[in-house]
Amino acid sequence: MVRVDSRTCVGLFIALGLAAPASAQTDKPVSAEPGASDSGDIVVTARKRSERLQDTPISITAVTAEAMERKGIKDIADISRQTPGLQYGDFGDMKLSPTSLRGVVGGSGSAGADPAVGYYVDEIYQAQGPGADLDLYDIARVEVLRGPQGTLFGRNTIGGVISITTQRPSDTFAASATADIGNYNALRLGASISGPIMPGVVFAKIAAIRDVNGGYDHNVLLDRDVNNHRSWAVRGQLLFDIASTTSLLVTASYRKADQEQLVFETRRYNMAADLPQALVAAGLPLNTDPFDRKVYSDSRNQERLRAWDVSATFKTRIGRLGITNIFSYHDHDYFSRADTDRSPLRMLYDGDPEKVWRWSEELRVDLSTGPIDWLAGLYYFRQNSRNQSFVEIGADLASALGDPALTGIRTGSDGDLDTTSKAAFLSVTWKVAPRLDVTVGGRYTSDHKAIHYVQRDVINLLGGNTDIRTHGSWDQFTPNANIRYRFSPTVMVYATASKGFKSGGFNDALGSADGIAFGPEALWNYELGLKTELFDRRLVVNTALYYMDWSRIQLSDDNPATPVYDPIILNAGKAHSKGIEVEVTARPTDRWTLGGNLSVQDARFDGGHLPSGASLGHIPYAPAYTADLNAEYRLPVAGLGSVALFGEYQLRGRTYLSNDADPDGVVHPYGLLNLRLSLQSRDERWRVSLWAKNLTNRTYEQRLFDLSDQPLVGQKFIILGEPRTIGVEFKLGY
C-alpha cells in the first residue's frame, strides 16, 4: 500500500495554489452550456442547482455525453476506470458488484442491505445491485461526487454519489442510431428519436439499447462460451412545458436481461476437502490454470432480470421561490442459479433471487433572499425487498448422502424486509463578500426496518431452521459545512466538513440466524480543495486533500458457524482513509487535448476482527492509487470532416480483494491501454470508430471468492477482468 505523506500532499497543494493566481487577470467568462467542453464549461447539479463544475466546491468528476462518445464509455465500469478514487467491483453479475469510493465500500449483497455509494438517475435513488445496473446509452452526464453527501442526498452516501442525468426530449426533431460490433460476438445496437408532439408545449423521446456478447470464458465440459451478456432496455419521456417557469417530465423505462454469468476460475484447491478428493478419485479434471479462461462446470448458470420504473418531476418558480417535486416507483424481479462447486461433479447449486418494489417522494424549495440562498426539502422512501437465497442438492451429493431422493431439493431462506425512511433537510449559502461564501446545512433522517426471516434447512447445512420477526429504528443528523473563496473568476479554494451515515439493518440471506441484526455506520469527512483554470482556460487543474474517519463499519464476511459460504454483515471496528486527488485537462493547441487524473490513498482499518477471529488490516477494493493518462489528436480532413485519435492508459495500484489480506486476493499494480480512432463528418451526422480496450490483453483479478474452508467445496474462486476487446462502431444522427 502506498502511504500518503501529509507534508508532500500539502506541499503539492500549496504549490498549485501559489501558481494559480498568476494568470487570473487574463481570464474571461465562459458559457454555461452542459457538456460544452471538458475544460470547465460543464454545468452540474451536485448541489441541487445548476452551476459550473469549476465553481462547485465539491470534489467531483463530471463526464458529459460528448466525452463518453469520445472515450467509448458504455457503463459504470468504464466510468470507474477514469475517475480518481472510484473502484467498481465488476463481479460478473448484476447483484453483488460493489462500488468503492475513497476506500469506502458497502457490504450490500441484496436490496435489503444499504450500499456506501448512492446511485441516482435524474435525482432518483436507485439503490445498488440489479436496480442500478444501468447502460449509459443516451445519457447527458455522469457526476461522481466524492465524500459523504448526507445533507442533500441522504443516507447511503457515506462514500459519495454517482449521479446520472438522462438526455431530455429535444424541441426539434432529432434521431440517432448506433451499431457497435466487436470480438467475442459482441453486438450493441442503440436508437433514439426525439421531438415535439405539440410544438412549444409537449415534447417526447424514446431510446432503446440492445447489448450482447458471447462470453469471455469457455466451459470445456459443456463446450460453450460462458460469462456472456444479453440485455436490452427502453426508456420513454414526455416533457410538458406548462409555462415559461413550469415543467413536468414523465419518464418510464423497462429493462430485461437473460445471461450466463458467475462462472468462476479456481484459484486454489484445498486438497483435504471432499470435492477435490472426489474429482481425483473419479479421474475428473481439476481447473489447474486459474488464468486460462477455461472452466469445467457441469451446469449452465442463469441470471435473469426484469425491471421497470416510472417517475414524474414537476418544477415551477414563483418569483424568487422555486418548487421541485419528484415522485418515482421501481419494481424488479431478479433470479440467479449457479454451480456452487464449479466442477464436473453434480454437488451443489445456489441461487440468490430477489423481488423488490420501492417508491419515493421528494419535495424541495429554493429561495434567494439577498445575500442568502435557501434550499429545504422533505423526503419519503418506502421499499419492500424479498431475498430468497437457496442451495440446491445435486445428484452426486445426494448419492453420497445415501438418499438419491434429495436430488433437486432446495434448502434456503426467505428474508422479507420492509424499509421506511423519512428525512428533512436544509442548506443555507451566505454570500459574505463578493469572493467569499459559506454554506451550512443538515439533514435529519429517521429509518425503520422490519424483517420476517424464515430459513428451512432440510439437511442441516445452514445452521438449522429459523423463523424470526424483528424490527429496528435508527435516527441520525448529518451536518455539512463548506467555505468557498474565489481568488479570481478562475481560481477557487474550498474547505468542507461533512458527515454521512448508513442505518442499521438485518441480514436477509443464508445462515443469517446467527447474527441477523447490525448497527448503523457513521463517517466524517474533512476536505480541502482547489480548482483552477490557467492560461486563458487552456489548462484546468483541480486538486483535493481529504481525511475520513469512520466507526462501527458494516463489514460483510463469511459466517464460520455454518459449512457453506454465507456472508453476514456485522459492525467491525474503526477505519480511516486519507489521500490526494488531482485532475488535469490541457489544450495546448486546437488539435491536441491532454488529460490525466491521479488518486493516492491510504485506506485501512484501525482495529477490529472478522467472525473467524482474524485481525482486520487493509480495506478491500481500495487501490493504493488510481491514475488515467489520456490524449486526443484531432485533424481536419478536407471534404469529409475530421479524424480523431484517442488513447489512454489506466493504472491501478495494489488492491486487496478480501478483508483478511489473503495473498491470493492481492492484485498487484497493472495498467490497461485503450485506443480509439474515429472519422466524423463535418456536420456530425455520422461517425465511424475503430476501438480497442485492454490492448495488451492484461490479465488481472476482480474478485476473490473463498470457499477453501468449506468441506463440500474446498476451493478459492476468482473473477478475471475483461480481456482484450476490439471492434468498430457506426453512428448516424439527424
Side-chain angles (χ1 to χ4, degrees), residues 28-43 53 62-74 78 82 136-142 165-182 187-196 199 203-209 535-540 585-595 630-648 674-693 726-734:
K28 300 177 181 178
V30 296
S31 65
E33 293 302 318
S37 74
D38 289 339
S39 63
D41 301 342
I42 301 173
V43 171
L53 172 64
V63 186
T64 64
E66 184 272 337
M68 283 187 271
E69 290 188 357
R70 187 165 56 89
K71 299 178 179 181
I73 294 175
K74 301 175 183 177
D78 288 334
Q82 302 186 35
L136 297 182
Y137 179 74
D138 197 50
I139 297 299
R141 186 177 64 257
V142 178
T165 303
T166 62
Q167 294 279 14
R168 295 293 187 260
S170 56
D171 55 3
T172 59
F173 178 80
S176 68
T178 299
D180 200 337
I181 304 168
L187 178 63
R188 190 168 186 264
L189 301 175
S192 69
I193 185 170
S194 179
F203 311 89
K205 181 166 193 172
I206 186 167
I209 183 71
F535 308 114
D536 199 23
R537 290 188 170 88
R538 287 190 175 272
L539 175 64
V540 176
T585 301
R587 286 184 171 80
T589 71
D590 292 339
R591 295 184 178 182
W592 278 103
T593 300
L594 308 176
N630 59 77
E632 183 185 58
Y633 183 74
R634 188 174 294 273
L635 178 68
V637 178
L640 283 177
S642 63
V643 172
L645 176 61
F646 174 82
E648 66 180 343
N674 303 329
L675 294 176
R676 191 175 185 89
L677 177 65
S678 300
L679 174 63
Q680 182 172 280
S681 67
R682 188 188 305 274
D683 59 5
E684 301 184 359
R685 292 287 181 89
W686 59 265
R687 185 181 67 247
V688 180
S689 301
L690 301 174
W691 58 265
K693 293 185 177 181
I726 57 176
V728 57
E729 181 185 62
F730 305 91
K731 182 173 182 179
L732 296 174
Y734 177 82

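What you see is a predicted model, and the numbers here were worked out from it, not measured in a lab. Positions are given from 1, in the same order as the sequence printed here.
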What's the shortest heavy-atom distance between [X] and [Y], and which atoms?
{"X": "D78", "Y": "G72", "result": "OD2-O, 3.7 Å"}
{"X": "L675", "Y": "G647", "result": "CD2-CA, 3.7 Å"}
{"X": "Y137", "Y": "A208", "result": "CE2-O, 3.6 Å"}

(message) With heavy-atom distances below 4.5 Å as the criterion, would you say the side chains of D138 and T166 are in contact?
(response)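 No, too far: nothing below the 4.5 Å cut-off.
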(request) Side-chain contact test, heavy atoms from C-beta onward, threshold under 4.5 Å: evaluate it for V637 versus Q680 and give yes or no. (result)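 Side-chain contact under 4.5 Å: no.
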(request) Would you please test N674 and E648 for side-chain hydrogen bond (donor to acceptor under 3.5 Å, both in side chains) and show each step? (result) CA-CA 5 Å; N674 303 329; E648 66 180 343; 3.2 Å; yes
Taking atom [atom1] of [X] and atom [atom2] of [Y], what is their separation to the nearest 0.5 Å?
{"X": "D180", "Y": "F730", "atom1": "CG", "atom2": "CZ", "value": "9.0 Å"}
{"X": "Q167", "Y": "I139", "atom1": "CD", "atom2": "CD1", "value": "8.0 Å"}
{"X": "I209", "Y": "T178", "atom1": "CD1", "atom2": "OG1", "value": "7.0 Å"}
{"X": "D171", "Y": "F203", "atom1": "CG", "atom2": "CZ", "value": "6.0 Å"}
{"X": "I206", "Y": "I193", "atom1": "CD1", "atom2": "CD1", "value": "9.0 Å"}
{"X": "L679", "Y": "S642", "atom1": "CG", "atom2": "OG", "value": "7.5 Å"}

(request) Please step through side-chain contact (heavy atoms from CB on, under 4.5 Å) for the pair F173 and Y734, ending with a clear verdict. (result) CA-CA 8 Å; F173 178 80; Y734 177 82; 3.4 Å; yes
(request) Using the salt bridge (charged side-chain N to carboxylate O under 4.0 Å, His left out) rule, pick out the option among K731, R676, K74 that qualifies with E69. (result)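 Looking at K731, R676, K74, the match for E69 under the salt bridge (charged side-chain N to carboxylate O under 4.0 Å, His left out) is K731.
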Is [X] reaching over with its side chain to a backbone N or O of [Y], donor-acceptor style, under 3.5 angstrom?
{"X": "S194", "Y": "S170", "value": "yes"}
{"X": "K71", "Y": "Q82", "value": "no"}
{"X": "D683", "Y": "R685", "value": "yes"}
{"X": "S681", "Y": "W686", "value": "yes"}
{"X": "R538", "Y": "R587", "value": "yes"}

(message) Please enumerate all residues that pass salt bridge (charged side-chain N to carboxylate O under 4.0 Å, His left out) together with R168, with sequence neighbours excluded.
(response)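 Only D122 meet the salt bridge (charged side-chain N to carboxylate O under 4.0 Å, His left out) criterion with R168.
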